[in-house]
Amino acid sequence: MTARRRLAAAAIVVCLASPGAAQTTSSLRGEASVLAVAVPSAPGPAGDRDGAVELRSRLFGDWRRSVGRISLRASGFVDGLVAERAGASSQAATWQPREITATYSSGVFDLSAGIGQVVWGTLDEVQPTDVVNPLDVSRYFLDGRAEARRSVGLVRARAYLPNGLAADLVYVPVFRRGTFDLLQPATSPFSLTPRETCVPGVGCVPVMTRDETPAARWRHGQGGGRVSATAGRVDLSVMAWRGFESLPVYSAATPGPNGLTLLGTHPRTAVVGVDAETVLGAWGLRAEAAWHLRDTLQALDRVAAVPGRSVEAGLGVDRRTGDYRVSFSALLMERRARQAGGVRIDGRDVQLVSAVDRSFAAETRRVRVFAVYNPQDDSAFVRGTASWSPHDGAWFDTSVGWLRGTSTDTLSRLADRDFVSVRLTVSF
């Protein structure tokens, strides 16, 4: 063997043995679940209480592969529905990506592109700065915020700078709206879309909605960033975002021969925010605030979209003691119209959010109670969940949800949607 060939062979061996050499790892996992939900007092199309019984199924898959500095991930789910809603049978199916991304990591810089989720904020369940991903309202009430986020197409760049600084930049080229339910939202018991309007002395007429979403154009892109730092024992972040309202705001009503048609639009929004967290002894302390410099509010006394400003600010604490974890947050939401014109809006809300989790029997039993209370509107939502794992990879969950309220806030408008659910989940 010549000296040149020996040198080349030695170089190949060194590269293959080097810790920096490209290594390939991959994994695949899946999950199947069946969820039965009963909403005894869900409203029907004529305002009666027909109730709803649903059987929801989900098949989820998650594939990951890493080759050197490149990471690939493809995950998503297929949902199915068989239900009796509003006195009629319903069947539906849909598939949704959870994450389909390619990521390059250099150690101090990450660049991702594809479909995914971005989680900003520190408070539990009610993060004011968590604005990148729209929500599925039904999943929020049944499972919580983590399951309710809808993935969006994005390009994301993250830089890890000296002295604990980190920057996160996100661009979303195509708008994706929030939804009340992925499976037939028009008849969902958790939908707040109006189905009829009634005038005293005149009667009730059916209401239809027409949703105008921003077209997929360069000027309709959404984007923002978040910068994080650590000072002493405090983690601090500031963010800014410019995008669109994820749920429609109704701005016009057109009468027709078959009823009334409401036009739903998604106006521009601009948000700046800050969050912080630290640890004091056994307690975790959190704070978060978001200022909506450009906001659009829904009028309560007419069909109108009202330009305005709003602020959401909250404080939270949590503590783990043995098998228990307890958390509590208080969130204030203040909304104001830009111009005084006698339009009635939902000006202020206060939400008190608490959760208690306990696991026992070698992590095969779990109990969680989650509660939201609005003292100003005297509205509340409580969800209790008990979980049991008969063997590895299988969980049996049962939940009870209770809502109350007589005002105009979201919880009050869903006050007749008490529910009970049972779920079986198998992982493989």
Side-chain angles (χ1 to χ4, degrees), residues 33 35 37 39 42-43 45 52 54-60 75-83 85-86 90-100 115-119 125-127 130-154 172-195 207-216 220 222 241 243-251 261-269 296 298 305 381 383 401 403 409-411 413-414 417 419 421:
S33 66
L35 172 68
V37 184
V39 189
E54 304 179 342
L55 187 66
R56 296 170 179 255
S57 60
R58 170 168 289 189
L59 181 62
F60 173 78
S75 66
F77 55 86
V78 177
D79 276 357
L81 171 73
V82 178
R85 293 174 170 177
S90 299
Q91 297 85 34
T94 184
W95 72 274
Q96 298 287 319
R98 177 69 60 82
E99 182 169 342
I100 303 176
I115 299 173
Q117 299 184 359
V118 177
V119 181
E125 295 291 333
V126 288
Q127 300 106 298
D130 186 23
V131 295
V132 178
N133 296 95
L135 298 181
D136 176 358
V137 174
S138 64
R139 281 288 171 179
Y140 184 89
F141 281 98
L142 292 173
D143 298 314
R145 192 181 190 99
E147 290 295 323
R149 291 187 185 93
R150 302 193 67 194
S151 300
V152 295
L154 54 81
V172 177
V174 179
F175 170 80
R176 193 178 197 194
R177 58 163 295 176
T179 181
F180 292 112
D181 201 328
L182 283 175
L183 299 166
Q184 292 204 351
T187 60
S188 173
F190 296 99
S191 175
L192 290 176
T193 301
R195 300 176 184 176
V207 171
M208 294 163 286
T209 59
R210 182 165 58 91
D211 193 359
E212 290 188 352
T213 57
H220 288 163
Q222 305 174 91
W241 179 258
F244 293 94
E245 300 285 354
S246 61
L247 289 174
V249 180
Y250 297 105
S251 57
T261 299
L262 302 183
L263 175 63
T265 59
H266 299 265
R268 274 284 185 184
T269 181
T296 303
Q298 183 68 63
F381 168 58
R383 181 182 64 237
L403 295 104
D409 67 318
T410 299
L411 297 181
R413 295 166 65 192
L414 291 170
R417 271 73 158 187
F419 65 88
S421 68

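Numbers for residues simply follow the sequence, beginning at 1. Fair warning: this is a prediction, and the values are worked out from it, not measured in the lab.
- Between Ala305 and Val249, the shortest heavy-atom distance links the atoms CB-CG1, 3.5 Å.
- The two residues Gly243 and Gln222 have their closest heavy-atom pair at CA-OE1, 3.4 Å.
- Screening Phe141, Phe190, Tyr140 against Phe381 for a ring pair (Phe, Tyr, Trp, His ring centres under 6.0 Å) leaves a single residue, Phe141.
- The side-chain heavy atoms of Glu99 and Ser151, taken from C-beta on, include no pair separated by under 4.5 Å.
- Side chains of Arg149 and Leu135 form a contact here, defined as non-hydrogen atoms less than 4.5 Å apart.
- Remark: Phe175 pairs with Phe244, His266 by the ring-ring contact (aromatic ring centres under 6.0 Å, His included) rule, at least two apart or across chains.
- In this structure, the side chains of Val137 and Asp181 stay at 4.5 Å or more apart for every pair of heavy atoms.
- Inter-residue side-chain proximity for Trp241 and Val172 is flagged as met; some heavy-atom pair is nearer than 4.5 Å.
- The side-chain heavy atoms of Val39 and Glu54, taken from C-beta on, include no pair separated by under 4.5 Å.
- At least one side-chain heavy atom of Pro267 sits under 4.5 Å from a side-chain heavy atom of Thr265.
- Considering every non-hydrogen atom in both Leu403 and Arg417, the closest pair reads CD1-O, 3.4 Å.
- Side-chain contact between Pro248 and Arg177 is present, with heavy atoms from C-beta onward closer than 4.5 Å.
- Nearest approach of Gln91 to Gln184, heavy atoms of both residues: O-NE2, 3.1 Å.
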task: Test Leu414 against Leu192 for side chain to side chain contact (heavy atoms under 4.5 Å, CB included), laying out the working first.
output: CA-CA 8 Å; Leu414 291 170; Leu192 290 176; 3.6 Å; yes
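- Side chains of Asn133 and Arg150 form no contact here, defined as non-hydrogen atoms less than 4.5 Å apart.
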task: List the steps, then state whether side chain to side chain contact (heavy atoms under 4.5 Å, CB included) holds for Val119 with Gln127.
output: CA-CA 9 Å; Val119 181; Gln127 300 106 298; 4.2 Å; yes
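- Closest approach of Leu247 to Thr179, counting heavy atoms only: CD2-N, 3.9 Å.
- The closest donor-acceptor contact from the side chain of Gln117 to the backbone of Arg98 lies at 3.5 Å or more, if one exists at all.
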- prompt: Checking side chain to side chain contact (heavy atoms under 4.5 Å, CB included) for the pair Gln96/Asp79: CA distance, chi angles, key distance, verdict?
  reply: CA-CA 8 Å; Gln96 298 287 319; Asp79 276 357; over 6 Å; no
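- With sequence neighbours excluded, no residue satisfies side-chain hydrogen bond (donor to acceptor under 3.5 Å, both in side chains) with Thr261.
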